[in-house]
Amino acid sequence: MDLNRLDRVTETLWQIPPSGAMRVPGRLFANEELLRDMDDKVYEQVRHVASLPGIVGAALAMPDAHSGYGFPIGGVAAFDPDAGGILSAGGVGFDISCGVRTLHTGLKTLQLAEIRTALADRLGQKIPAGLGREGHLRLNTREIDAMLVGGARWAIEQGYGEAADLDRIEEGGVMTGADPDQVSTLAKTRQRGEMGTLGSGNHYLEVQRVAAIDDPVIASLYGLAEDDILVSLHCGSRGLGHQIGTDYLKRMLAEAPGHGLRLPDRELACAPLASDLGRAYLGALRAGINCALANRQILTHLTREVFAEIEPAARLSLLYDVSHNTCKEEEHAVEGRRRRLFVHRKGATRAYGPGHPSLPEALRPAGQPVIIGGSMGTSSYILAGRGAEQAFASACHGAGRRMSRQQAKRRWTGRAVIEELAGRSILIRSPTLSGIAEEAPGAYKDVEAVVTAAEVNGLAKKVARLEPLIVIKG
DNA sequence: ATGTCC
């Protein structure tokens with residue numbers, strides 16, 4: 001990105017002053033090196049988002065931002081329903097409510113040594129992964145609708161997990177306001193066999209060790225200590241979320257002229273919050289959120305079964321489950337006034353600060369766990385949210401791509417990546433090799449630089465750094 | 001991200 005077009009506010013905060021159709025400024029949270037390396041398209045996309053009706057404050061890009069469909073991935077934008085604000089399918093992303101759940105195992109690094117290969121093999125067998133891969137259960141129409149309303153609570157009622165899990169899931173495991181009637185039959189049909197599956201792309205299940213503690217006080221509140229073994233699951237709403245995105249993008253594009261919307265880019269198709277289409281998408285989006293929550297819950301159950309088989313001493317309990325592809329109705333202070341806003345976070349994580357009433361009691365003094373998945377073979381981070389209003393209580397979500405999937409495939413082979421990781425004692429289990437090349441660590445930004453930029457800007461605080469030991473990939 | 005184009 002050409003830095004000459006930006007105003008430098010601080011070392012790690014840059015501004016795009018409003019011009020043309022922009023209603024608010026654009027703000028990028030990143031250091032100079034991350035910004036120089038960032039796709040020029042991010043600049044254009046932030047400007048486009050800043051021109052949408054009802055946007056409040058600024059259009060934001062997190063330090064891991066890269067170009068996406070319409071909105072950048074790593075983008076945050078808040079809209080006021082009472083000021084003509086909109087909902088955008090491209091502002092949420094196709095993988096509705098994609099997110100990460102991290103579990104404690106109760107095990108330490110030394111206990112893992114002799115079971116590591118068996119654990120990798122068994123997880124690889126039991127966790128369905130890969131494009132179009134179906135899972136262990138098949139739902140009928142009525143069960144799909146119950147799942148879309150009940151989220152993780154539905155999954156627990158079906159026997160996948162424990163009631164205590166709900167406390168550690170965003171929204172208590174159930175997103176209210178879901179409307180299965182606004183989800184197409186095709187979307188539901190695609191999902192019938194895909195519950196409890198990982199999917200492909202950057203989705204994964206990792207067994208990790210806590211390699212370093214950055215904040216001992218918060219780590220202790222989170223129940224984290226050095227050499228603890230954790231499991232992290234990164235996945236979303238599979239075919240259902242993708243189909244909802246496709247369906248509503250088409251409708252939003254068709255109906256935009258009727259709503260008087262002039263779009264700077266057709267990929268920014270959207271609908272006013274105060275419209276039938278806006279309300280329909282909101283109901284479908286919330287159903288998609290429940291699908292992702294139920295999916296991660298079922299995968300948690302499968303993971304528990306594998307650990308129980310191989311190491312009966314293990315006890316898998318949730319640290320937290322948080323999405324990074326979503327739009328949520330939240331209250332935020334804007335220039336000293338509380339306003340009800342719809343915050344789009346696409347490749348960005350909610351990062352509520354200490355004391356936020358929606359956090360479980362045990363975590364409330366520390367702030368919300370913000371789970372940052374690194375690329376395959378590099379570190380992940382647990383951060384603590386700071387509730388920074390300049391970012392509508394948001395932070396980054398991962399390392400963020402620095403290279404397209406096509407570029408990555410030209411540069412690496414899956415086999416070479418697996419061998420390189422094996423050299424560092426990281427075990428990979430995946431049904432495909434081509435997917436591995438696309439996810440080569442070199443195709444991603446430096447996750448350490450990303451989380452540092454988030455921390456310096458006061459969005460979230462580093463708590464623990466995690467290193468992968470076993471990776472199950474789609 | 002995605003039965004990578006109904």
Side-chain angles (χ1 to χ4, degrees), chain A residues 39 41 45 64-75 88-101 128-135 138-139 144 183-195 197-205 233-251 253-254 266-267 269 284-285 287-289 291-293 295-296 299 323-327 344-349 373 375-376 397-401 403-410 414 430-439 443-444 472-474:
Chain A
D39 192 345
K41 212 169 161 190
Q45 290 185 331
D64 49 340
H66 55 106
S67 71
Y69 187 91
F71 280 53
I73 295 163
S88 163
V92 171
F94 278 86
D95 190 6
I96 291 171
S97 205
C98 181
V100 191
R101 169 181 294 202
L131 191 64
R133 181 72 190 276
E134 303 217 311
R138 188 153 194 90
L139 305 185
I144 286 270
V183 178
S184 69
T185 305
L186 178 57
K188 293 176 187 177
T189 306
R190 284 182 65 172
Q191 195 58 31
R192 269 171 27 189
E194 290 194 345
M195 294 308 296
T197 66
L198 212 47
S200 66
N202 62 2
H203 290 167
Y204 61 77
L205 180 151
L233 281 159
H234 176 209
C235 61
S237 51
R238 307 288 283 109
L240 180 126
H242 191 269
Q243 192 61 46
I244 292 173
T246 305
D247 292 340
Y248 278 91
L249 211 64
K250 204 184 291 176
R251 286 175 66 182
L253 196 60
R266 52 185 279 127
E267 292 185 0
L285 165 68
I289 290 172
C291 176
L293 294 177
N295 193 32
R296 289 196 283 274
L299 285 164
S323 166
H324 49 236
N325 269 12
T326 190
C327 180
H344 292 65
R345 296 189 183 92
K346 179 188 188 181
T349 314
S375 61
M376 182 172 48
H397 85 303
R401 293 198 83 87
M403 213 178 271
S404 74
R405 295 185 176 280
Q406 281 303 325
Q407 282 175 300
K409 273 194 281 194
R410 281 196 292 271
S430 170
T432 63
L433 275 174
S434 66
I436 300 281
E438 292 182 10
E439 294 298 320
Y444 281 84
I472 311 298
K473 288 291 290 185

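Model, not experiment: these values are computed from the prediction. Letters A, B, ... are given to chains in the order of the sequence lines, protein chains preceding strands, and every chain is numbered from 1.
- The shortest distance between side-chain heavy atoms of A:His397 and A:Ile73 falls below 4.5 Å.
- The ring pair (Phe, Tyr, Trp, His ring centres under 6.0 Å) check on A:His234 picks up A:His203, A:Tyr204, A:His324, with sequence neighbours excluded.
- Looking at heavy-atom distances under 4.0 Å, A:Leu131 makes contact with a base.
- Residue contacts shown for A:Gln191 are absent, as no nucleic acid heavy atom lies under 4.0 Å away.
- In this structure, CD of A:Glu438 is placed 10 Å from C1' of B:dT4, rounded to the nearest angstrom.
- Spacing between atom CZ of A:Phe94 and atom P of B:dC5 amounts to 11 Å, rounded to whole angstrom units.
- A:Arg133 has its CZ atom 17 Å from the C1' atom of B:dT2, to the nearest Å.
- Taking side-chain N and O atoms only, A:Thr246 has no distance below 4.0 Å to OP1 or OP2 of B:dT2.
- Taking atom OH on A:Tyr69 and atom P on B:dT4, their separation rounds to 16 Å, with Å as the unit.
- The CD atom of A:Gln406 sits 10 Å away from the C1' atom of B:dT4 (whole-angstrom rounding).
- Going from atom CG of A:Leu249 over to atom C1' of B:dT4 covers 16 Å, rounded to whole Å.
- Map A:Lys250 and A:Ser237 each onto its nearest nucleotide of DNA chain B; the residue landing nearer the 5' end is A:Ser237.
- As a whole-Å value, the separation of A:Leu198 CG from B:dT2 P is 9 Å.
- Between A:Met195 and A:Cys291, the closest side-chain pair of non-hydrogen atoms falls below 4.5 Å.
- Every salt bridge (charged side-chain N to carboxylate O under 4.0 Å, His left out) that A:Arg138 has, sequence neighbours left out, goes to A:Glu134.
- In this structure, A:Lys409 places its NZ atom 9 Å from C1' of B:dT4, rounding to the nearest Å.
- Among the heavy atoms of the strands, none lies under 4.0 Å from A:Gly93.
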